[in-house]
Number of protein chains: 2
Amino acid sequence: MAVTIKQVAAAAGVSRGTVDRVLHNRGGVKPDVEKHIRKTADKMGYFPNRAGKILAGRKQPLTIGYVLPSIGNLFFEDVKTGIHTAEREMKDFGVNITIKEVRGFDVKDHIGAINAMMEENPSALCISSIDLPEIRKCVNKIVKKGTPVVAINNDLSNTKRLCYVGSDYIVSGRTAAGLMLLCRSRKKENVLIATGSLNVKGHNERIQGFNEVFRERNVQYHLEDLFETQDDNEIAYFKAKKMLESHPDVDWVYITAAGVQGVCRAIEERTQGKEIRVICFDTNQYVRDYVERGIIDYVICQEPKEQGYQSVKKLFDYFVDGAKGHVDDYITKAVIKINENMNFT
Amino acid sequence: MAVTIKQVAAAAGVSRGTVDRVLHNRGGVKPDVEKHIRKTADKMGYFPNRAGKILAGRKQPLTIGYVLPSIGNLFFEDVKTGIHTAEREMKDFGVNITIKEVRGFDVKDHIGAINAMMEENPSALCISSIDLPEIRKCVNKIVKKGTPVVAINNDLSNTKRLCYVGSDYIVSGRTAAGLMLLCRSRKKENVLIATGSLNVKGHNERIQGFNEVFRERNVQYHLEDLFETQDDNEIAYFKAKKMLESHPDVDWVYITAAGVQGVCRAIEERTQGKEIRVICFDTNQYVRDYVERGIIDYVICQEPKEQGYQSVKKLFDYFVDGAKGHVDDYITKAVIKINENMNFT
DNA sequence: GTGAAAGCGCTAACAC
DNA sequence: GTGTTAGCGCTTTCAC
């Protein structure tokens with residue numbers, strides 16, 4: 001049986017209250033007594049019991065405020081599912097969650113939503129935003145004031161955020177290249193790249209990782225063209241349509257972000273040209289449908305549910321275990337989905 | 001704030017003890033009082049608080065006994081890692097774990113280990129064994145005596161086991177076929193199948209799923225030959241060597257079970273013949289090395305760590321939430337690994 | 001500065 | 001049959 005605070009107190013010849021004061025650095029204890037208590041606690045291998053902590057801590061529940069650009073973005077449905085699974089599991093442990101949803105990636109909207117969230121005085125913040133100076137500044141201010149912030153799905157570089165929970169975009173880009181090369185056509189493939197925005201780091205990293213692998217393997221592909229979908233299916237559709245008309249020799253379409261349905265619609269409507277292979281990222285009902293119909297060959301996913309779940313868990317552990325020190329990032333896997341393993345979890 | 005047992009007692013005009021008796025069907029309560037209590041509890045939306053339960057339940061910790069055929073089987077290293085992660089997380093909630101390790105799949109050895117485990121009177125059992133009548137009988141007996149049993153990695157059909165935590169072997173076999181077909185060579189591929197044993201259900205299902213996909217898609221492959229590795233690398237090596245000599249036209253080697261290193265060694269040592277593609281299951285340090293060197297193209301994994309972790313969690317939840325009713329299986333994903341996404345979680 | 005005590009929600013032993 | 005009470009291990013308040 002593990003050693004309790006009571007046993008430490010008894011062994012040190014003081015009361016539980018005093019031990020607690022020392023262990024939580026709450027001061028008001030004579031230095032020599034403190035040293036003595038610390039020593040005996042260490043010697044006995046004392047480690048606070050989480051069940052006890054949680055129960056006692058129920059008086060001040062842990063509220064986590066989320067800000068997500070999830071309106072009109074199916075990707076975040078799974079993230080939210082993960083968040084709510086965690087909420088259900090940890091509700092009895094004092095975890096409460098509020099989500100503020102935003103449409104798109106307008107900096108002002110994001111800052112507005114974050115500030116609105118902060119009005120509610122959450123114990124912690126968890127956001128998926130854009131890696132720009134304004135947001136970074138905003139986040140750093142919040143952290144400085146004492147509210148820990150977790151970055152989910154999109155990291156915020158050089159901020160004091162507690163940790164990042166999300167995918168490694170370079171690795172997912174590399175994986176796309178790997179899949180393509182494993183098809184071993186042995187000819188120079190004509191690739192059309194549909195990216196979300198050249199201003200979004202993650203999208204660029206997916207291209208960077210992709211190129212890295214070709215370079216490392218000394219294989220070349222021919223870049224037919226590259227266009228931005230702005231994560232919008234309509235824009236994606238019209239641009240892709242034009243692109244495919246002017247580039248009849250495309251072998252592969254590599255879609256690094258949203259707008260997948262738009263691109264696929266354009267591919268499906270084509271009346272001539274070679275057979276086209278498609279690699280994209282992240283599933284939803286429409287993407288799954290295109291995979292089933294053989295339009296999309298590979299989808300590289302990033303465990304969205306896990307991102308939601310783990311972001312809650314990270315914060316819960318952080319608070320329960322005493323909000324001390326460094327917290328590791330949680331990097332989700334690059335999960336390859338094809339028709340055969342897509343619908344069976 | 002959630003409603004507590006105290007509030008229910010007050011509302012029903014009885015003591016907490018009585019409410020507890022009713023809620024746990026421990027009898028000794030007048031029928032009409034019981035009905036009244038149940039009704040008020042329902043009306044108030046009472047749900048027992050897990051934190052309170054866990055703390056109170058610490059007096060009788062939950063001990064889970066594992067029996068795993070893990071000696072000399074690298075696959076189970078990750079399973080054990082997952083088990084120990086869960087143990088660490090839930091130790092403070094009263095979870096204790098003991099593992100008995102066995103070498104191989106001898107029925108008598110397994111029964112012996114299970115009985116030895118039962119000697120220690122665990123609160124629950126978790127085993128990875130063979131789906132044979134003797135084992136099934138043994139498990140059913142244990143369940144009947146009141147100890148819940150979870151089947152991990154290998155299901156035990158038609159037993160009263162609480163649930164199964166592991167992969168869907170059909171789906172993983174289908175995934176192998178899907179990957180092969182995505183390479184679209186457009187010719188009839190010559191396939192050599194290296195299976196573990198024709199007596200092991202999971203191995204057969206991986207072949208069955210593989211064949212299903214070809215049939216459904218109206219594509220044929222040519223089965224060059226099929227041999228059993230007995231999950232042994234030496235046997236695998238010698239048999240594969242011979243097979244490859246007598247079948248110089250093999251395009252793909254499909255390895256459904258262990259013995260991967262043996263087969264790969266034979267492939268690597270070949271001095272003539274066409275380039276061979278390899279699909280296998282489950283990683284370990286040696287398999288990863290073969291992937292890096294380009295001998296193995298695809299590895300289909302089954303989240304072994306998750307299997308370990310979730311098996312503990314299933315039992316923990318079952319006990320905390322009152323050991324009532326049905327528990328869902330936990331089916332792990334068929335995770336495709338290639339060189340580029342293998343080493344990054 | 002330090003000790004004592006109440007209470008988080010639940011279970012189980014003991015009274016009546 | 002039913003109520004009371006003593007913990008589980010911890011935090012926090014209040015008293016000295």
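Since this is a predicted model, take the numbers as computed values, not measurements. Chain letters run A, B, ... following the sequence lines, proteins first, then strands; residues in each count from 1.
Note: CD1 (I54(B)) to C1' (dC10(D)) measures 14 Å, nearest angstrom. What separates CG of N49(B) from P of dG9(C) is a distance of 7 Å, to the nearest Å. We find that CG of L55(B) is positioned 13 Å from C1' of dT11(D), with the value rounded to whole Å. The CZ atom of F47(A) sits 15 Å away from the C1' atom of dC10(D) (whole-angstrom rounding). At whole-Å resolution of the value, CG in D321(A) and C1' in dT11(D) are 16 Å apart.
OP1 or OP2 of dC8(C) has not a single side-chain nitrogen or oxygen of Q60(A) nearer than 4.0 Å.
Here the options are D78(B), N153(B), T332(B), the test is side chain to side chain donor-acceptor pair (under 3.5 Å), and the partner is Q302(B); only N153(B) passes.
A salt bridge is defined here as a Lys NZ or Arg NE, NH1 or NH2 lying under 4.0 Å from an Asp or Glu carboxylate O, and D155(A) with R161(A) meets this definition. Contact check on R26(A) versus D20(A) returns a salt bridge, with a Lys/Arg side-chain nitrogen under 4.0 Å from an Asp/Glu carboxylate oxygen. In summary, K313(B) and E306(B) do not engage in a salt bridge, as defined by a charged side-chain N under 4.0 Å from a carboxylate O. Ion pairing between a basic and an acidic side chain is recognised when a charged N comes within 4.0 Å of a carboxylate O; R136(A) and D131(A) show such pairing. The pair E77(B)-K305(B) does not meet the salt-bridge criterion, since no charged nitrogen lies less than 4.0 angstrom from a carboxylate oxygen.
Y309(B) has its ring centre no less than 6.0 Å from the ring centre of Y330(B).
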Walk me through it: do V143(B) and T147(B) pass the test side-chain contact (heavy atoms from CB on, under 4.5 Å)?
CA-CA 5 Å; V143(B) 174; T147(B) 309; over 6 Å; no

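Residue F93(B) is out of contact with every strand shown, counting any heavy-atom pair closer than 4.0 Å.
For the helix from dG1(C)-dC16(D) to dC16(C)-dG1(D), the terminal axes (five pairs an end, C1' atoms, rotation from four pairs onto the next four) enclose an angle of 60°, given to 10 degrees.
Picking from dG9(C), dC10(C), dT2(C) the nucleotide with the shortest atom distance to the side chain of T18(A) gives dT2(C).
Only T4(B), I5(B), K6(B), R16(B), listed by number, bring a heavy atom of residues 3-16 of chain B to less than 4.0 angstrom from any atom of DNA chain C. For the contact set between residues 20-38 of chain A and DNA chain C, defined by any heavy atom under 4.0 Å, the members are R21(A), G28(A), V29(A), K30(A), V33(A).
Not one N or O on the side chain of K80(A) forms a donor-acceptor pair closer than 3.5 Å with the backbone of L68(A).
Surrounding CG of N25(B) are more than 12 heavy atoms belonging to other residues, nucleotides or ligands, all under 6.0 Å away.
Positionally, the nearest nucleotide of DNA chain C for A56(A) lies more toward the 5' end than for the other of K53(B) and A56(A).
Between L74(B) atom CG and T283(B) atom OG1 the span is 10.0 Å, to the nearest 0.5 Å.
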